[in-house]
2 protein chains.
Amino acid sequence: MGISDRKEREKQEMKRLIIDAALRMFVEDGYEKTSIRNIADKIEYSPGTIYLYYKDKDELLYAVQKEAFSKMLETFQAEATSRSPWKRLEQIAYSYVNFGINHPDLYDLMFIIRAPMNTAEKKGDWENGDDCFKYLTDTIGDCMEKGLLRYTDPRVAALSIWSMGHGLVSLQVRCRFKVMQLADEQMSQMINLTIREFLRTIKA
Amino acid sequence: MGISDRKEREKQEMKRLIIDAALRMFVEDGYEKTSIRNIADKIEYSPGTIYLYYKDKDELLYAVQKEAFSKMLETFQAEATSRSPWKRLEQIAYSYVNFGINHPDLYDLMFIIRAPMNTAEKKGDWENGDDCFKYLTDTIGDCMEKGLLRYTDPRVAALSIWSMGHGLVSLQVRCRFKVMQLADEQMSQMINLTIREFLRTIKA
DNA sequence: TGGAATTACTGAACACTGTTCAGTATATTT
DNA sequence: AAATATACTGAACAGTGTTCAGTAATTCCA
């Protein structure tokens with residue numbers, strides 16, 4: 001049946017149109033200014049139409065989050081390619097933190113905002129972050145196989161490295177490092193220094 | 001002048017009434033459900049009245065944030081009292097993470113939500129977190145004086161410890177550890193294990 | 001090919017949000 | 001007692017996510 005195939009294809013294209021518009025608006029105008037109405041305006045449809053393709057805003061955000069994660073994975077695949085597991089781990093660390101600081105609104109969607117996780121909760125599992133997490137855990141696995149890390153449990157290693165990276169990014173993008181009273185430039189340097197120092201301490 | 005004194009006192013009492021109501025609603029009903037109208041309802045005033053005491057919602061949240069930080073400081077002063085600098089640092093670490101996980105909505109206001117920082121931005125500085133941060137940095141200073149930490153720069157030490165703690169709490173309260181596919185109980189254990197392991201690695 | 005059935009979309013409406021402000025009621029001053 | 005100053009109200013405005021009766025276009029079937 002060719003017609004229902006086309007219908008299905010058009011439906012997927014419409015979903016694409018919506019999430020592409022949403023993603024662009026997040027990056028260009030910020031998360032806060034991106035409302036259902038604004039997205040609808042941008043793609044020249046009525047607000048109601050969006051609800052024919054996504055059950056609610058949470059579900060739309062879940063789809064955009066997925067998109068953001070695939071962008072992060074691309075970044076990892078471009079910037080963390082060393083054949084040495086340890087160097088690759090270092091590359092991931094810097095890549096992660098830079099991604100967060102350079103794309104604060106995508107980072108919000110991926111790791112800070114509640115909304116998309118409501119959909120994950122309903123679905124029963126959250127798969128959007130799987131590939132990026134695997135990129136990290138695989139590298140950690142490689143490091144530990146060769147005895148390059150001072151951890152005994154790979155899950156503790158993953159939790160530590162991720163939490164350190166996320167802590168640095170999220171406190172920075174949410175302005176909490178203001179308490180340290182450093183100039184912007186100094187603060188950036190300090191963050192990089194902290195990553196370097198952390199990597200040094202976990203190295204076997 | 002007795003009357004203007006009383007007026008001033010009444011004004012402060014009204015501000016108290018508002019932030020106390022707001023703080024209670026954050027804890028009891030959650031941040032999301034706490035609107036200006038709901039706060040006004042709770043204290044039995046009209047919504048407009050709140051704007052006679054706080055310029056906008058950001059300013060009100062700034063005041064509530066201050067309150068939350070003083071609650072955290074009280075927790076530190078109750079739970080991190082060891083005379084040994086190293087043990088005190090350990091106590092602060094666990095105290096911080098437990099506070100965040102037990103009071104997620106206050107933690108939001110203190111370290112995650114943007115709104116209160118808009119007021120800090122306008123004021124030019126953010127003082128709400130000063131006392132808690134000082135509690136940490138003083139203890140770090142004590143540790144380093146006695147050569148108990150593997151850090152050379154106390155600012156890097158503070159940044160590292162805080163970021164690790166914040167990373168653990170915020171990824172947990174925002175459900176991102178779902179990617180690890182562990183049961184709730186296991187996840188909590190893993191977080192505690194990670195703190196222990198981190199403290200072990202930074203100890204001289 | 002023409003009429004019926006299905007599908008896609010609209011936009012007004014609902015209940016909510018933060019915020020403003022003319023109007024009122026109370027308290028203070030003269 | 002009258003004039004002034006203060007405190008408060010609540011309707012109104014522009015925005016939000018979401019729903020749904022109504023319309024327009026498309027597809028199906030006789």
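Convention: sequence-line order gives letters A, B, ...; per-chain numbering from 1.
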### Query
Distance only, no hydrogens: is a donor on one side chain within 3.5 Å (strictly under) of an acceptor on the other, for A/Trp162 and A/Tyr96?
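The answer is yes; a qualifying pair exists.
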Quickly work out the [X] [atom1] to [N] [atom2] distance and round it to whole Å.
X: B/Lys57; N: C/dC16; atom1: NZ; atom2: C1'; result: 12 Å
X: A/Ile36; N: C/dT17; atom1: CD1; atom2: P; result: 18 Å
X: B/Leu52; N: C/dG23; atom1: CG; atom2: C1'; result: 14 Å
X: B/Asp41; N: D/dG10; atom1: CG; atom2: C1'; result: 12 Å
X: A/Leu60; N: D/dT18; atom1: CG; atom2: C1'; result: 13 Å
X: B/Glu13; N: D/dC8; atom1: CD; atom2: P; result: 12 Å
X: A/Lys7; N: D/dA25; atom1: NZ; atom2: P; result: 15 Å
X: B/Tyr45; N: C/dA25; atom1: OH; atom2: C1'; result: 14 Å

Describe the nucleic acid contact of [X] in one word from base, sugar-phosphate, nothing, applying a heavy-atom distance below 4.0 Å.
X: A/Tyr54; value: nothing
X: A/Thr49; value: base
X: A/Asn38; value: sugar-phosphate

### Task
Measure distances between side-chain N and O atoms of A/Arg37 and base N and O atoms of D/dG15, and say whether any donor-acceptor pair falls under 3.5 Å.
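For A/Arg37, whose side chain was compared with the base of D/dG15, there is no donor-acceptor pair (under 3.5 Å).
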### Query
Hey, does the side chain of A/Tyr53 come within less than 4.0 Å of C/dC9's phosphate (OP1/OP2), counting only N and O?
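A/Tyr53 to C/dC9 OP1/OP2: side-chain N or O found under 4.0 Å.
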### Message
If you compare every side-chain N and O of A/Ser35 against the phosphate oxygens of D/dT16 (OP1, OP2), does one of them come in below 4.0 Å?
### Response
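Affirmative; the distance criterion is met.
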Check [Y] with [X], please: is the shortest side-chain N to carboxylate O separation under 4.0 Å?
X: A/Lys87; Y: A/Glu90; answer: no
X: A/Asp125; Y: B/Lys178; answer: no
X: A/Asp108; Y: B/Arg114; answer: yes
X: A/Glu67; Y: A/Arg16; answer: yes

### Nearest-nucleotide pick for B/Tyr51, side chain only, options being D/dT6, C/dG18, D/dC8
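The answer is C/dG18.
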### Query
Does A/Thr34 or B/Gly48 map to a spot on DNA chain D nearer the 5' end, using the closest nucleotide for each?
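Its nearest nucleotide being more 5', the pick is B/Gly48.
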